[in-house]
Amino acid sequence: MMSLSWCLSYCCSHSHAGVKTALIEDHPEMGNTEILEKEPPESLSNGTSSNLEAAKRLAKRLYHLDRFKRSDVAKHLGKNNEFSKLVAEEYLKFFDFTGMTLDQSLRYFFKAFSLAGETQERERVLVHFSNRYFYCNPDTIASQDGVHCLTCAMMLLNTDLHGHNIGKKMTCQEFIANLQGVNEGGDFSKDLLKALYNSIKNEKLEWAADDEEKKKSPSEGTDEKANGTHPKTISRIGSTTNPFLDIPHDPNAAVYKSGFLARKIHADMDGKKTPRGKRGWKTFYAVLKGTVLYLQKDEYKPEKSLSEEDLKNAVSVHHALASKATDYEKKPNVLKLKTADWRVLLFQAQSPEEMQGWINKINCVAAVFSAPPFPAAIGSQKKFSRPLLPATTTKLSQEEQLKSHESKLKQITTELAEHRSYPPDKKVKAKEIDEYKLKDHYLEFEQTRYETYVSILKEGGKQLLCNSDGEAAGLKKSHSSPSLNPDSSPVTAKVKRNVSERKDHRPETPSIKQKVT
C-alpha cells in the first residue's frame, strides 16, 4: 500500500497555474522543433499574437502527430516557460471533457500521447489536464486544485494497485482516509472517491506508446546487449505509471562500489516496522551504480542485462543517509540505510573497513547527485507531511549543489528550533503529540542528513567518488559515519536466508523512532 499524503501535499499546493518560473533547459528536444526555433526569444516571452499563433500551430501538429511521435508530446507541454504553457493550453483545447468523469477524461487524454519525460515535466502536464477538466466541468469538483489533487491521487493509486509491489494493496477506505482535508480544507465526496478507486482497481491507467515501443519486449529499454553497447536512454525502475516516484535506471552510469552484502529489511515505507518473519537476512551482490544500489543474486557483469528481479530489489539512494547501525548488536559490521521514502534497511559487510566504505560512497553519491526537494506544501493540511523528494539527478554544479544543501540546512535548523520552542501542551490529544514527535524526528534527521551532505561536498564531493575506499574514508565524520571500534575484527557475512522475505516494501502509517531489533 502506498502512502499518498506526503505526495499529495506537493500536488495539492502547486496545482493552480503550474509551477514557479525557472530557467529554460538548454538541451535539444526530440522530434521536429522548427517552429520553436523560428520564434525569436523576445517573442516567446512577451505573449505577442505571433507567439500565440506559433503555439497554436505547434499544438495542432502535436495533436495530429505531424512529424512527431507520441513520446515527443509531453516534452513540449511540460517545460517551465511561457511558450510551453501556451502550447499546452492550445493542445488541451483539442479535448472536450464535458460531462465526463475525471477518470474517464484521464484515460481519454492518455490515449493521445505518452506521459514521458522528467518528473516535474510530467507533473506540469497533469496540471494542464486538471485546468482543462475544470474548465469543461466547473460544477463537478470545487476547484482546479481539487481536480489536480484527485488526478495525482489516481496516478499514485494506479501504481499501488497495479505496480510491482508485493504485499497488501491499498483499500478503498485507506484511499479515502489519505485524502481527508485536502479539498480546500474539506473532504471530497466519499461516493466520488469510491467511484475513482473502483475505476482504477478494475482497469489500470495506461497511456499510448509509439508503434516501435509496442513491438519491444518488456526487457528492452532497461539494459540491452547489442554490439557491446548500451542504449543511451534512461529507463525507470518500477512502474512507470507514477510521475513522481520513478527511479531513473541509467545503464551507462558509473559504478562506485560493489561487493557482497547481507540485507535485512527493518522498516517499510514511511518507517512502519517490517513484520516479524519478513525481516530475515539475505545475501546479495551489491552494486552502487549511479544513484541506485542494485542487489543481485549473481556477481555483477557489465555486459549482463538486469533481470526484473534485480530491478525490484534495487534501492535508490537519492536523499538517503547511511550510518553505522549503533543500535544493532546481533551482528558486527552492520550499516543502516534510510531512504528518501523512509524505508530502513540494514546491510552487513564483511569487515569494518568495508562497512565504512559503503557508508562513505552511499552518502557521497546522495550528496553529489540528489536534486533539490520540491517546495513544501502550504495551506490546509491537517497532518504533517514530508516534502516530496525527486528521484531525478540534480542539474546543479557542485558549487551550486553545496549552496543548495547549506541553504536547506539553515532552513531545517531554524525550523527545528522554532518547532521545539512550542512543545504541545500535556492536555492535548495523544494524536497531536504524536504529530509533534513525528515532525521533530523528521527535522532532526534532515538536519543530520544535510550536515553530512555539506561536509562531504566541502571535502571534495565528486572527487571523493573517484577515490578508493581507503582514500574516501578520510571523509569528515558526522552523525552518519561514527568512528569504528578499532578492536573489531573482520567477520565474514554468514547469514541464514529467509525465503519468505518480501521483495518490495509496502507503506503503512508513519511511526516514531524505533530501536533496531
With no hydrogens and no angle check, do the side chains of [X] and [Y] hold a donor and an acceptor under 3.5 Å apart?
{"X": "Q411", "Y": "T414", "value": "no"}
{"X": "E400", "Y": "S397", "value": "yes"}
{"X": "N178", "Y": "E174", "value": "no"}

Non-hydrogen atoms of [X] and [Y] that approach each other most closely:
{"X": "Q447", "Y": "L409", "answer": "O-CD1, 3.6 Å"}
{"X": "Y436", "Y": "Y422", "answer": "CE1-O, 3.7 Å"}
{"X": "A88", "Y": "H128", "answer": "CB-CD2, 3.3 Å"}
{"X": "L179", "Y": "C149", "answer": "CD2-SG, 4.4 Å"}
{"X": "I200", "Y": "H162", "answer": "O-NE2, 2.6 Å"}
{"X": "Y453", "Y": "S370", "answer": "OH-OG, 4.4 Å"}

* Is the gap between the ring centers of F129 and H148 under 6.0 Å? ->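 Here the rings of H148 and F129 have centres that are no less than 6.0 Å from each other.
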* Asked: Do the side chain of N158 and the main chain of K204 share a donor and acceptor less than 3.5 angstrom apart?
  ->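 Looks like no, no N/O pair under 3.5 Å.
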* **Side-chain donor/acceptor of S130 to backbone N/O of L126, under 3.5 Å** => yes
* **ring-ring contact (aromatic ring centres under 6.0 Å, His included) partners of F369, counting only residues at least two apart** => none
Tell me, please, whether [Y] has [X] positioned over its six-membered ring: NZ or CZ under 6.0 Å from the ring centre and within 45 degrees of its axis?
{"X": "K297", "Y": "Y285", "result": "no"}
{"X": "K330", "Y": "W281", "result": "no"}
{"X": "K338", "Y": "W342", "result": "yes"}

Note: [X]-[Y] ion pair, threshold 4.0 Å (strictly below):
{"X": "K403", "Y": "E406", "answer": "no"}
{"X": "K437", "Y": "E432", "answer": "no"}
{"X": "E415", "Y": "K408", "answer": "no"}

* Before giving the answer on salt bridge (charged side-chain N to carboxylate O under 4.0 Å, His left out), spell out for K75 and E121 the whole-Å C-alpha distance, their side-chain angles and the decisive distance to 0.1 Å. => CA-CA 7 Å; K75 295 178 180 294; E121 291 175 355; 5.4 Å; no
* Can you tell which of T291, L293, V287, V292 makes a side chain to side chain contact (heavy atoms under 4.5 Å, CB included) with K289? ->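 Between K289 and the candidates, side chain to side chain contact (heavy atoms under 4.5 Å, CB included) is satisfied uniquely by V287.
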* To do: Just do the side-chain contact (heavy atoms from CB on, under 4.5 Å) check on E354 and N333 with the steps written out, would you?
  => CA-CA 8 Å; E354 270 292 290; N333 314 322; over 6 Å; no
